[in-house]
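Every chain is numbered from 1, with letters handed out A, B, ... down the list of sequences. Computed from heavy atoms alone, side chains included, the values below leave out hydrogens, waters and symmetry copies.
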Protein chains: 2
Amino acid sequence: MTARSRPEGARAGQATLHDVARLAGVSIKTVSEVVNRTGRVTPATTARVESAVAALAYQPNLSARRLRRGTTGVIGLAVPELSMSGYFNELSALIVRAAAARGLTVLIEQTDGTREGELRALSGPRRSVMDGLLLNATALDEQDLADRLPLPPTVVLGERRLGAGLDHVTFRNEEAARLVAEHLVGLGRRRILVLGGDPTTSASAARRLDGHRAALEAAGLPFDPELVRDVGLWDHDAGHAAVVRARRDGLRFDAVAAVNDSIAIGALRALHDEGVAVPDEVAVAGIDDIVDARFTFPRLTTVDPRRDELAERAVRALTERIADPTRPAVVQEIEGYLRVRGSTLAGADRRDP
Amino acid sequence: MTARSRPEGARAGQATLHDVARLAGVSIKTVSEVVNRTGRVTPATTARVESAVAALAYQPNLSARRLRRGTTGVIGLAVPELSMSGYFNELSALIVRAAAARGLTVLIEQTDGTREGELRALSGPRRSVMDGLLLNATALDEQDLADRLPLPPTVVLGERRLGAGLDHVTFRNEEAARLVAEHLVGLGRRRILVLGGDPTTSASAARRLDGHRAALEAAGLPFDPELVRDVGLWDHDAGHAAVVRARRDGLRFDAVAAVNDSIAIGALRALHDEGVAVPDEVAVAGIDDIVDARFTFPRLTTVDPRRDELAERAVRALTERIADPTRPAVVQEIEGYLRVRGSTLAGADRRDP
DNA sequence: CTGAAAGCGCTAACAT
DNA sequence: ATGTTAGCGCTTTCAG
C-alpha cells in the first residue's frame, strides 16, 4: 500500500540514523544528539553510538538536515570576475577554505562589476538557495540596497562603503592609496598618473583618489586632475591601453599608481613596449600583492591587502549574521602593508626571491 | 498535539508547492509536473499553474527535492591548487560556469597535487555530499583507483591517463610538448632545458617528455637526460629556482621548455636576473596560455589548451555518467594550439596587444 | 489527465 | 537521560 519509491541516487546504500540507532540499540534521537553534540547523553551511550557510527561509516544526509533546519549550507560569493585580476581568485580560494572549515559550501557568482550583475547576485533566483551572501560590490549604490530592505543575510566586502545598516568587511583603500602615494612622493616623484575607475561612479576609485590627494596635500604638492584616468575593466589589458593612450595624449608623468596589480602589470608592459625605463623614468605601483607581482620586470611595488584576514573575517561575519539576523551591523576595516620592490625602487629586488 | 516546529531558516516565508496548488486550484502533483515539465498536463492547466508560480515567486526548495531524489546537486572539482598557477583558477571559473548552466553547484577541493590529497577527494567524507567528482589527478596511480572500485561517478581530467574504465577528458600533452619542441628546434635551438615533474612518478611529466623526445628524434637530434629537471611544485618560484640551479650547475642550454606557464614565468624572471637575453640567448616556452603569458617580458610562447572546451566536455561527461552509471567509459582528447610570442621569436610581440 | 498520500532522513517538541 | 513521533517540501506510485 505504501507509495514505495526508494530513490536510487548518489547516496544509495548510505547508512541512516535508523541504521546506527538499531546497531547501537538506542533511539534515533539519541544518535542525532550524539552526532550533533547537542543535549546530554551519558558517556557510555555516547561511546556505543560512536562506535556504531564508525562501523557503518555513517554520514549525515545534508539534504535532509537542511530541509529540516530550513537552511541550505550554501553561502554565495559575488565577485566581479574570477580569472582576470589575480586578486579575486586568490580571495575566493581563501574564502572557500574558510567556509569549508565551517561546513559551508561556496557558490561563486561573477557580476562583471556591473550594477545589474550585483543586483542579480543580491536578489536573483539563485539567492534562494543560499543562506547568506558575501557581496563584493563595486557598482551598487546605497539606494539600490535601501530599495531592497530588509535583505537576507548579507556581508559587503571590498571597497564600497554602503550604508543601510549592513555588515562590512572592507580594506582600507584610502590608506592603501595614501601609502603608495607617500612612497612615490618620498622617492621624489611629482607627476603621478593614477589609473583606476571613474570616481564619479565608482566609490572605490573615489576613495583611493581621496587617499592619493591626501598624501599629495600633506606633501604640499599640487593635484592635477589630468593625471587621473579611468581604465574601465581592472585588468592587464586595460592598464596597457591606458598607458598607451596617456602617452599618445602627450601626458607627462614620472610614476604610475594603479588601483590594482593587474592594471599595473599592463602598465609595466606598455612602458616597456615604448622603451620607457622603470623605475628610472617612471615608477610603477599597484595594490593587491598578487602572486604575479613578484614576477614582473621589474618586480612590482604594491600593497598587501591581507586577503587571508579578509576572507576569515568575512566568513565569520556572515555566519554570525545568519545565526542572528537582528544583531547590529558590524564594520571591520583591514589595513594593508606596503611592499616595496624594484618597480619603484631600483635595487629593491635584490632581496626578493 | 502536533510536534510543531516550523524551522525559521533562510527560506522562511517562501511559497511552497502547496501554496501554488491552492492558488491555481489544482493538486500539488500537477504543480510539480508543470515545474519539472514531466508528465502531460493540459495547456490550460499549465498556464494557470504558471501564473500562480509567477504570482507567488515560487522557487523549488532544493533540499527537499534532493532529499526526495537522492541527489545533492553538487559536483566536486578536485584540483592541485587554485591560486598559484593561473591555469586552475581559469579552468575552475569555466567549470563553475558550465556546471551552473546545468543547475549544478561546484565544490572545489585542493589536493596540493599529492596522492593523499587526491585520495581524500576521491573517497573522503566530503565525497558523500557530491553526486560526482571531476578529478584532476596528478599523483594517483592506477592501483589506487583499482583498490577503490566501484567508484561513485568520477571523471578524470588533465594529464594522467588512468585505466580502471574511468571517463577521461584529457589534454593531449604529448602533442603539446611536441609542438613546443618542434617550434624550438625549428628556430635552431639544440639544447632545450625541460622543466617539469619527475617522469618516474608523474605520468604527465613522462608524457610531455615523450612528446619532447619524439620531436627531437624526428629532427635527428640527440636527447640529453641532463637537460631534464624536476622542479617540484609547478609554480613561479619553482621555475625560478630551477633555472638558477641549472645555471649554478654549469648546465648549458639555449632554450627552456616548461611544463606550464607559471614555471616558464619564473624561468623568465631568473634569466632576466642573471642577465641572460630572451630569446636571443635562451628561448622560453610554456604550456597553458594563462592570461599572464601575454604580459611577461618578453611575451611568452605557449600552448593554448582550450580550457573552455575541456570544462564543457568534462561537465557534460560527468552529468552523463551520473545519469547512467553503467554506460561504457569515454575518453576524450583535446588538442592545443601553439601561440608563438616574443619569448621564442624576437619581433613576434609586435602584433600582440 | 488529475488527486491523494507515502515517505526520503533528519530535528526537536513532547512524553516518559 | 532516552524514546516517540510529526513534519520540513518534494516526487512518485496508485487510484480515480
Side-chain angles (χ1 to χ4, degrees), chain A residues 1-22 24-49 52-53 56 58-73 103 128-129 131, chain B residues 1-22 24-49 53 56 58-73 103 128-129:
Chain A
M1 188 67 338
T2 68
R4 267 268 145 213
S5 59
R6 177 161 243 286
E8 287 300 331
R11 293 179 44 90
Q14 271 283 344
T16 73
L17 275 189
H18 279 99
D19 301 325
V20 176
R22 198 173 317 121
V26 298
S27 80
I28 63 167
K29 155 124 188 307
T30 306
V31 179
S32 175
E33 285 183 347
V34 170
V35 169
N36 295 296
R37 315 192 178 300
T38 155
R40 285 151 299 280
V41 184
T42 57
T45 318
T46 301
R48 210 139 40 85
V49 169
V53 164
L56 296 174
Y58 168 75
Q59 303 270 13
N61 180 319
L62 297 185
S63 295
R65 174 177 290 175
R66 288 163 183 172
L67 172 57
R68 181 61 238 233
R69 289 197 185 150
T71 66
T72 66
S128 76
V129 306
D131 291 340
Chain B
M1 188 69 339
T2 69
R4 268 269 142 213
S5 60
R6 178 161 244 285
E8 289 300 332
R11 293 178 46 88
Q14 270 284 341
T16 73
L17 274 189
H18 279 99
D19 301 324
V20 177
R22 198 174 315 120
V26 298
S27 79
I28 61 167
K29 157 132 187 302
T30 306
V31 180
S32 173
E33 285 184 346
V34 170
V35 169
N36 295 295
R37 312 193 181 303
T38 156
R40 282 152 299 280
V41 184
T42 57
T45 317
T46 302
R48 210 140 40 85
V49 169
V53 164
L56 297 174
Y58 168 75
Q59 302 270 17
N61 179 318
L62 296 185
S63 294
R65 174 176 287 176
R66 289 164 182 170
L67 172 58
R68 180 61 236 225
R69 296 222 259 240
T71 65
T72 64
S128 76
V129 306

*Spacing of A:N61 atom CG relative to D:dC10 atom P, expressed in whole Å*: 16 Å

*asked:* Tell me whether the side-chain N/O atoms of B:S27 come closer than 4.0 Å to OP1 or OP2 in C:dG3.
replied: yes

*asked:* In the structure I gave you, are the side-chain heavy atoms of B:N36 and B:R65 within less than 4.5 Å of one another anywhere?
replied: yes

_By side chain to side chain donor-acceptor pair (under 3.5 Å) - contacts of A:T38 (at least two apart)_ = none

*Verify side-chain contact (heavy atoms from CB on, under 4.5 Å) between A:T16 and A:D19, making sure each step is shown before the conclusion.*
CA-CA 5 Å; A:T16 73; A:D19 301 325; 3.5 Å; yes

_If you assign B:E33 and A:H18 each to the DNA chain C nucleotide with the nearest heavy atom, which residue ends up on the more 5' nucleotide?_
B:E33

*Nearest 0.5 Å, what's the OG-CZ distance between B:S63 and B:R68?*
15.5 Å

*Would you kindly give the CZ-to-C1' distance between A:R66 and C:dC8, to the nearest whole Å?*
16 Å

*Looking at C:dG3, C:dC8, D:dG3, which one has an atom nearest to any side-chain atom of B:T30?*
C:dG3

*Whole-Å distance separating the CG atom of A:L17 from the C1' atom of C:dG7*: 15 Å

*Starting at atom CZ of B:R69, determine the distance to atom C1' of D:dT13, rounded to an integer number of angstrom.*
16 Å

*Taking the side chain from A:D131 and the backbone from A:T72, do they hold a donor-acceptor pair closer than 3.5 Å?*
yes

*asked:* Quick check on the helix from C:dC1-D:dG16 to C:dT16-D:dA1: what's the angle between its two end axes, five base pairs per end, to the nearest 10°?
replied: 40°

_With a 4.0 Å limit, can you tell me whether B:N36 has a side-chain N or O closer than that to the phosphate oxygens OP1/OP2 of D:dT11?_
yes

*asked:* Can you see if the side chain of B:T42 gets near the phosphate of C:dT2 - specifically, an N or O under 4.0 Å from OP1 or OP2?
replied: yes

*Expressed in angstrom and rounded to an integer, what is the separation of A:R48 atom CZ from D:dG3 atom C1'?*
14 Å

*Can you tell which of C:dT2, D:dT2, C:dC10 lies closest to the side chain of B:T45?*
C:dT2

*Work out which heavy atom in A:A21 is nearest to a heavy atom in A:S27; give both atom names and the distance.*
CB-C, 3.8 Å

*Under 4.0 Å: is that the gap between some side-chain N or O of A:S32 and OP1 or OP2 of C:dC10?*
no

*Is there a donor-acceptor pair under 3.5 Å between the side chain of B:T30 and the backbone N or O of B:V26?*
no

*Between D:dT4, C:dC8, C:dC10, which one does the side chain of B:L67 approach most closely?*
C:dC8

*asked:* I need the NZ-C1' distance between B:K29 and D:dT13, as an integer number of Å.
replied: 9 Å

*Are any side-chain N or O atoms of B:S32 and backbone N or O atoms of B:I28, one a donor and one an acceptor, separated by less than 3.5 Å?*
no

*Nearest of D:dC10, C:dT11, D:dT11 to any side-chain atom of A:I28?*
C:dT11

*Of the nucleotides D:dT5, C:dA6, D:dT2, which has the atom closest to the B:R68 side chain?*
C:dA6

*Assign B:T38 to base, sugar-phosphate, or nothing according to its heavy-atom contacts below 4.0 angstrom with the strands shown.*
nothing

*Atom pair distance, as rounded to whole Å: CG in B:L62 and P in D:dG9*: 13 Å

*Please state whether the phosphate of D:dT11, meaning OP1 or OP2, lies under 4.0 angstrom from any side-chain nitrogen or oxygen of B:R65.*
yes

